[in-house]
Participant: 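Just dropping this structure here.
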Amino acid sequence: MAAPVADVLVVSSAAALAEEAAERFAGTASRALNDAGRFSVALSGGATPRGLYARLAAEPFRSRVDWSRVRVFWGDERCVPPDHPDSNYRLAHELLLSRVAILPDNVHRMRGEAADPDLAAAEYAAELQTAFGLKRGERPRFDLILLGMGADGHTASLFPHSPALREVTRLALAAYVDAVRGYRLTLTLPVLNTAAAVLFLVAGSDKAQRLRAVLRDKPSPETPASLVRPERGTLSWMVDRAAATGLADALGK
Ligand code: 6PG
């Protein structure tokens, strides 16, 4: 499978990362709304997208995006209640979703509070099938999937050498993650690689070594982010200078 050409934008600051990512989000949304009348996006968690979510909730993006036709999903979720400080839903709700005119029915939360994470993952897969009108075996094609990358190269909640990396059928999984000593819910690689567009936002010097590996070396379960290679979609990275350390050498530039 030919590697998608990844475009890498190095930005000078957290504010620049938020601005560039908001522009890309709004542009992708606009094209999807014009082409299909709706925009389906999977949000990422962690700290990096905070600036993007806050920027999208402010002008001009708050008015530029027709939020009433946006459908929001998540790439992953921690197994905590939706009001827990660690909840990816809470992060997006506080910074963005509570501040724009998105329709409640269009917010598709992963039920991190569920007592049975496997059941919550299966329910989420069923919700994807319904929301995207999928037949058995079909995968949802998101217009945009936002992803981050941990210092260990994980993305969504797909961690190095996790059995979840070998999943080829299920759309969502629950996994016990030793690194965080807890369960996580996550979309699987087949879903990530079906997206029309994947945008990674990466910031911080602790990501630099893995980022070079992702962009220079061949895909490996050592670095799950390197396994995100949209089959019929674009792959983009927006990274800050700290994360981009040594990247020019890695890219042979
Ligand atoms: C999560 C995210 C995860 C995140 C990376 C980077 O639930 O934590 O989905 O994949 O993107 O861990 O996190 P930071 O942005 O906090 O560095």
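What you see below is based on every heavy atom in this structure, not just the backbone, and it leaves out hydrogens, waters and symmetry mates. Counting starts at 1 for both ligands and their atoms, following the listed order. None of these values were measured; they are calculated from a predicted model. All residue numbers in this chain count up from 1 along the given sequence.
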Participant: Looking only at protein heavy atoms, which one is nearest to atom 8 (O) of ligand 1, and how far off is it?
Facilitator: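 Here the nearest protein heavy atom works out to R78 NH2, 2.7 Å.
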Participant: Would you check the N or O atoms of T155, main chain and side chain alike, for any that come under 3.5 Å of an N or O of ligand 1?
Facilitator: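 Checking ligand 1 against T155, no N or O pair falls under 3.5 Å apart.
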Participant: Which atoms of ligand 1 are found less than 4.0 Å from any heavy atom of D76?
Facilitator: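 Close to D76: 1 (C), 2 (C), 7 (O), 9 (O).
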Participant: What I want to find out is whether D7 reaches R24 closely enough, with some N-O distance under 4.0 Å, to be called a salt bridge.
Facilitator: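 A salt bridge links D7 with R24.
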Participant: Where the side chain of K207 meets the backbone of G150, is there a donor-acceptor pair that is under 3.5 Å apart?
Facilitator: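 No; judged by distance alone, with no hydrogens or angles, the pair does not exist.
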Participant: Please write down residue, atom name and distance for the protein heavy atom closest to atom 12 (O) of ligand 1.
Facilitator: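 The closest heavy atom on the protein side is H154 NE2, 2.7 Å.
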Participant: Within the 4.0 Å heavy-atom shell around N88, which atoms of ligand 1 are there?
Facilitator: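 Checking each atom against N88, I get 1 (C), 7 (O).
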Participant: Does E77 use its side chain to pair, donor to acceptor, with the backbone of N88 at less than 3.5 Å?
Facilitator: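 Indeed, once roles are kept as given, a pair shorter than 3.5 Å links the two residues.
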Participant: Report yes or no: does K207 have a heavy atom closer than 4.0 Å to ligand 1?
Facilitator: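 Per 4.0 Å heavy-atom rule, K207 contacts ligand 1.
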Participant: For atom 15 (O) of ligand 1, what is the closest protein heavy atom, and at what distance to 0.1 Å?
Facilitator: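 Here the nearest protein heavy atom works out to T48 OG1, 2.6 Å.
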Participant: Among all the protein's non-hydrogen atoms, which is closest to atom 16 (O) of ligand 1, and how far away is it?
Facilitator: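 For atom 16 (O) of ligand 1, the nearest protein heavy atom comes out as A47 N, 2.7 Å.
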Participant: Suppose I only count heavy atoms of G148 and a 4.0 Å limit; which atoms of ligand 1 are within that range?
Facilitator: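 Near G148, the atoms of ligand 1 are 11 (O).
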Participant: Starting from atom 6 (C) of ligand 1, find the nearest protein heavy-atom neighbour and note its residue, name and distance.
Facilitator: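 The protein heavy atom lying closest is M149 O, 3.5 Å.
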Participant: Nearest 0.5 angstrom please: T169 OG1 to R136 CZ, how far?
Facilitator: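 Spacing of OG1 (T169) from CZ (R136) equals 9.5 Å.
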Participant: Do the ring planes of F73 and H108 sit parallel (below 30°), tilted (30 to 60°) or perpendicular (above 60°)?
Facilitator: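 Because their plane-to-plane angle is under 30°, the rings of F73 and H108 count as parallel.
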Participant: So, taking the atom named NE2 in H154 and the one named OG1 in T186, what distance separates them when rounded to the nearest 0.5 Å?
Facilitator: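 Nearest 0.5 Å value for the NE2-OG1 distance: 9.0 Å.
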Participant: Out of A156, G150, S44, whose heavy atom is nearest to atom 3 (C) of ligand 1?
Facilitator: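 Comparing heavy atoms across A156, G150, S44, the nearest one to atom 3 (C) of ligand 1 lies in A156.
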Participant: For atom 13 (O) of ligand 1, find the nearest protein heavy atom and state the residue, atom name and distance (0.1 Å precision).
Facilitator: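 Answer, as residue, atom name and distance: G46 CA, 4.0 Å.
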Participant: Could you tell me whether a side-chain N or O of E59 sits under 3.5 Å from a main-chain N or O of S63, the two making a donor and an acceptor?
Facilitator: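 Present.
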Participant: State whether F132 and R71 meet the cation-pi test: NZ (Lys) or CZ (Arg) under 6.0 Å from the six-membered ring centroid, and within 45° of the perpendicular axis.
Facilitator: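 Yes; both conditions hold, so R71 lies above the ring face of F132.
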